[in-house]
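Here's the structure, in structure tokens; my notes come after.
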Amino acid sequence: GSRLDVPHAPLRSGDSTLSFNGTLGNPATLEGLVLELALNTPDLKRLLPSAADHTTAVPLELQGELRYIDGVLQIDR
């Protein structure tokens, strides 16, 4: 089987960063998927167009691990 590794891959949009690190496992089936995820943004609303009308900033910092086990996506913090 094939396997796709993702070594520390940050995605940035303005001041917001979403980082991935781990493996997608087999891209066709997700078997073996284990990804560490980290999201950091000073204002979540910037990423959600429907919330842009509100003036109060919504900072968010989130870290966890996404896994595919026995056909189920699981997120652990």
Side-chain angles (χ1 to χ4, degrees):
S2 62
R3 182 177 126 157
L4 181 61
D5 292 328
V6 182
H8 187 68
L11 298 174
R12 291 187 175 87
S13 176
D15 294 341
S16 301
T17 304
L18 174 61
S19 297
F20 302 90
N21 187 40
T23 182
L24 293 175
N26 182 329
T29 65
L30 298 181
E31 282 300 323
L33 179 138
V34 178
L35 279 179
E36 294 174 9
L37 304 172
L39 172 63
N40 188 320
T41 181
D43 190 358
L44 182 61
K45 294 186 326 272
R46 293 181 193 164
L47 304 175
L48 304 170
S50 63
D53 294 339
H54 300 283
T55 57
T56 305
V58 181
L60 177 68
E61 186 173 332
L62 178 70
Q63 294 181 355
E65 187 173 85
L66 180 64
R67 300 177 185 187
Y68 187 78
I69 300 173
D70 297 327
V72 177
L73 279 175
Q74 301 176 2
I75 298 177
D76 294 321
R77 299 192 292 150

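Model, not experiment: these values are computed from the prediction. This chain uses plain numbering: 1 for the first residue, then up along the sequence.
The heavy-atom pair separating Leu24 from Val6 by the smallest distance is CG-CG2, 3.8 Å. The two residues Gly25 and Pro27 have their closest heavy-atom pair at O-CD, 3.2 Å.
Counting only residues at least two apart or on different chains, the salt bridge (charged side-chain N to carboxylate O under 4.0 Å, His left out) pairs with a member in residues 18-43 are Asp43-Lys45.
For the atom pair CD (Glu65) and CG (Leu33), the distance works out to 9.5 Å, reported to the nearest 0.5 Å. The CG atom of Leu39 sits 10.0 Å away from atom CD of Gln63, with the distance rounded to the nearest 0.5 Å.
Both Leu4 and Leu37 belong to a common hydrophobic cluster when Ile, Leu, Val, Met, Phe, Trp and Tyr are linked at side-chain heavy-atom distances under 4.5 angstrom.
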Can you list, pair by pair, the side-chain donor-acceptor contacts under 3.5 Å of residues 7-21, counting residues two or more places apart and other chains?
from  : atom 1 : to    : atom 2 : distance (Å)
Ser16 : OG     : Thr41 : OG1    : 2.5
Asn21 : OD1    : His8  : N      : 2.9

For residues 68-77, please give each side-chain donor-acceptor pair under 3.5 Å, one per line with the distance, not counting sequence neighbours.
none

